[in-house]
Number of protein chains: 2
Amino acid sequence: MDIQVINIGDELLIGQVVNTNASFMCSQLLKNGFRVEQTVVIGDNGIDIHNSIADAFKVVDAVILTGGLGPTKDDITKKVICDYFDDELILHQPTLDFVTSWLEGRGVAMSDTNRTQAMVPSKAVILPNRCGTAPGIWMENDGKVLISLPGVPFEMERLLTEEVIPALKRRFLPDEHYICKVVQTIGIGESTLSDLLEPWEVKLPPHIGLAYLPDSGIIRLRLTGHGTDPDKLEKEIQAEIEKLCEIAAPYVFAKEDKKMNELVADLLSEQGKTIATAESCTGGYIAHLITSIPGSSQYFKGSVVSYANSAKINLLNVSSEDIFRFGAVSQPVVEQMAEGARKAFGTDYAVATSGIAGPDGGTLDKPVGTVWMAVASADGVKSKLFTFGNAGGRSRVIYRAAIRALDLLRRELIHD
Amino acid sequence: MDIQVINIGDELLIGQVVNTNASFMCSQLLKNGFRVEQTVVIGDNGIDIHNSIADAFKVVDAVILTGGLGPTKDDITKKVICDYFDDELILHQPTLDFVTSWLEGRGVAMSDTNRTQAMVPSKAVILPNRCGTAPGIWMENDGKVLISLPGVPFEMERLLTEEVIPALKRRFLPDEHYICKVVQTIGIGESTLSDLLEPWEVKLPPHIGLAYLPDSGIIRLRLTGHGTDPDKLEKEIQAEIEKLCEIAAPYVFAKEDKKMNELVADLLSEQGKTIATAESCTGGYIAHLITSIPGSSQYFKGSVVSYANSAKINLLNVSSEDIFRFGAVSQPVVEQMAEGARKAFGTDYAVATSGIAGPDGGTLDKPVGTVWMAVASADGVKSKLFTFGNAGGRSRVIYRAAIRALDLLRRELIHD
């Protein structure tokens, strides 16, 4: 059962907004046995919307639109749907009641603009939106299903998972099962890994495929399989994953599609250990990655972002003499930062970074991308030097350094 | 001059990777007078790639592909291009030389897999890639131009801006000029703003359009105009922006498309002032937003992420009695955090947050989304309570709180 996704919005087409809706929709649909065959982005233009719907229905039986349902002038999707299905807009009283009480709860008066949110095609099944004023719309004609959702990500996400996917499952029986598994490596380049895996990869059965997803030092290896028997498929893919992990053992850090901060969070929770960070070049990004996970206050005690040397000295007890002698980006300083943070926050572990994120500040000895890292624990402090280079700019150095720092901590937690 | 963008990659279609390439390409092309008419995402599948190219050339004269040029097994774009243009792959010696020295510089031996990177269609013009091993490809036939770029974002970005756009400008004269301007508001909902602006909006000339881009408390209002005389168009749009800003004055915080952290960075640089943060619920995210800007070490001295109460007491000198009496999420505590950070880092300003990011930790009195913020300066400390609600989850509360905290600081800097 194939689906097309059409994301509507001038803001997407002129590049002002990144289309995160498409990836969310694709992954959720695939998990439930619906393969997205293509995604298309078009502007807020009635003719383009109409033509894209018509083109999509030549290939698939179900199309999901996002965008163009809001109260503002540029939102025209509902009119196009009526035109396409030869229908008209009528007032939907339950939606009007909901919008009224939703606005009342926010102390906002009902306006004519808000009232239009309750106008829906007369033949539509209404999918209630509990996070906003624009409901989802399900239209069906001649065996073709058209679903229209708001473009605001969290409204779309809830409608898709709670309303659309269950309805799709009732309406269409997924005929094939898709299973995706991810194995993640760190510290090896794509070409080298590809050469290493080739003898195994060429022997993969035709219904199982491998893809490389490199991103800032991490390579996610994705195995995708399809078949009619999900249990058999699951076992086949598991067996291939075992082979893959044996070949690439030194570089594999996860046999699942969890982010590095999630893996660290799991380990800290399981072991009941606590953590703090001392960040120079990563500027609070490691703390942000850790605290973006619900429940992190159980193990995360805090961070000192010590951009200024005075902060390293006063808050982390780093020796001013060592900063003068070795520089802020040096092994003794980063080790003292980690030890200082561990002491200041009274934690089991502390991780520290000091480096040159660029674009300025690089020298011949310590070019942009040079980052010292340390992990302090009851057993002492371990440190490591990384050179990430300059390609990709400041944000890439910050990101790569944060991920490697979390990986150092992860290795310490599993005694790797 | 319209262009179609086709992004190739199973990883995009199964939702494992967000397609940031499309938005970057659209915005860069539009800036240079090339309108992207549609973007399409398809899988690593020869037939789909072939069909999408054929479909696109029915509508436009130039198509840009990304993805499918890497050294791994799932990369097939070059073969499809040869097939489409009835061409064959040949060895491109300058690319081979570059790949060889590029790998040598990284201490990696040349492999057969890497050698395939230097195989290119015989009729292609080669666009050198200085950030990776896969070059860009420019093919032309019967007035139709097909450009193929690597899918790795920073490689694509450099090739697009340094090679593709200059070449497109030489090849096609942009016939119409497009100008986009953005005005940003904070603290007003989309419907209310839409009602406020309607009398002005309905009088906009037909070649100037308005769009609303709401995101986590900020609404970016985008005015897009097109015309043959860029100077006249610029003046027309400026005049409309002045009218718009007068109507929505209390909510407008920027007449340009700069992010809140960039606006704050500009003000701190101009005024030669310094800043520190004390973060509880934002967990280092404000520090990250500030330090993601090049040169921030000039004005940012550091942050204490005080997740644990002990950190608030020991590092920020918050009264333990006040934490006990009023709770960590309270006006006295957040004010003391800001004052404590200002003193600890010796800065002109300090901004502090303390709130409940969720999903747990909410109470009847202080539900999830309750955030106290404070800004300390030589003039004393100002604080404000925000209630962001629970919709959108933890990351949305953190994001909204960080942006509002930066806005508080911005208002303090401009004496608003």
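The figures here come from the full heavy-atom set of this structure, side chains too, leaving out hydrogens, waters and symmetry mates.
Ranked by heavy-atom pairs under 4.5 Å with chain B, the list V18(A), T39(A), N19(A), I286(A) is led by T39(A). If you tally non-hydrogen atom pairs under 4.5 Å between each of G284(B), C26(B), G302(B) and chain A, the highest count goes to C26(B). Of the residues considered (P214(A), G132(A), G151(A), S296(A)), S296(A) shows the highest number of contacts with chain B, using heavy-atom pairs under 4.5 Å. Ranked by heavy-atom pairs shorter than 4.5 Å toward chain B, the options S111(A), G9(A), G393(A) are led by S111(A). Of the listed residues (A22(B), S306(B), S52(B), S297(B)), the one with the most heavy-atom contacts under 4.5 Å to chain A is S297(B). Taking chain B as the reference chain and counting heavy-atom pairs below 4.5 Å, the highest number among R394(A), K301(A), Q28(A), Q38(A) is found for R394(A). The candidate with the highest count of non-hydrogen atom pairs below 4.5 Å against chain A, out of I14(B), D48(B), V36(B), V304(B), is I14(B). Interface summary for chain A: among N314(B), V182(B), V41(B), the most heavy-atom pairs under 4.5 angstrom belong to V41(B). By number of non-hydrogen pairs under 4.5 angstrom with chain B, the leading residue of T277(A), D195(A), I42(A) is D195(A). Contacts with chain A were tallied for S303(B), A287(B), S27(B); S303(B) has the most, counting heavy-atom pairs under 4.5 Å.
Interface residue Y285(A): backbone and side-chain heavy atoms are both found under 4.5 Å from chain B. For L13(A), the parts lying under 4.5 angstrom from a heavy atom of chain B are both the backbone and the side chain. Residue D360(A) does not touch chain B at all, counting heavy-atom pairs closer than 4.5 Å. Looking at R130(A), neither its backbone nor its side chain comes within 4.5 Å of chain B, counting heavy atoms on both sides. Proximity to chain B is absent for every atom of V5(A), based on heavy atoms less than 4.5 angstrom apart. Heavy atoms of D112(A) lying under 4.5 Å from chain B are absent altogether. T20(A) touches chain B through backbone and side chain together, each having a heavy atom under 4.5 Å away. For chain B, the nearby part of I293(A) is the backbone; its heavy atoms alone come within less than 4.5 Å. If you measure heavy-atom distances from Q16(A) to chain B, the contacts under 4.5 Å come from both the backbone and the side chain. No part of C281(A) comes within reach of chain B, as not one of its non-hydrogen atoms sits under 4.5 angstrom from that chain.
With sequence neighbours excluded, the residues that form a salt bridge (charged side-chain N to carboxylate O under 4.0 Å, His left out) with D2(B) are R35(B). Considering only residues two or more places apart in sequence or on other chains, Y307(B) meets the ring pair (Phe, Tyr, Trp, His ring centres under 6.0 Å) condition with F300(A).
In terms of heavy atoms, L316(B) sits closest to A278(B) at CD1-CB, 3.8 Å. The shortest heavy-atom contact between I6(B) and A56(B) is CD1-CB, 4.4 Å.
With respect to R220(A) and D215(A), no salt bridge is recorded, no charged nitrogen being found less than 4.0 Å from a carboxylate O.
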> Going through the checks in order, is the side-chain contact (heavy atoms from CB on, under 4.5 Å) test met by E157(B) and L160(B)?
Replying inline: CA-CA 5 Å; E157(B) 288 168 13; L160(B) 184 78; 5.9 Å; no

>> Please evaluate residues T274(B) and T347(B) with respect to the criterion side chain to side chain donor-acceptor pair (under 3.5 Å), reporting the C-alpha separation (whole Å), side-chain torsions for both, the decisive distance (0.1 Å), and the verdict.
In response: CA-CA 5 Å; T274(B) 57; T347(B) 50; 4.9 Å; no

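One distance of note links CD1 of I275(B) with CD1 of I290(B); it measures 5.5 Å at 0.5 Å rounding. Once rounded to the nearest 0.5 Å, the distance linking OG1 of T116(A) with CG of N114(A) reads 7.5 Å. Residue I398(B) holds its CD1 atom at 6.5 Å from OG of S292(A), rounded to the nearest 0.5 Å.
Residues S194(A) and Y212(A) are in side-chain contact: their nearest non-hydrogen atoms beyond the backbone lie under 4.5 Å apart. Side-chain contact between R115(B) and V99(B) is absent, with no heavy atoms from C-beta onward closer than 4.5 Å.
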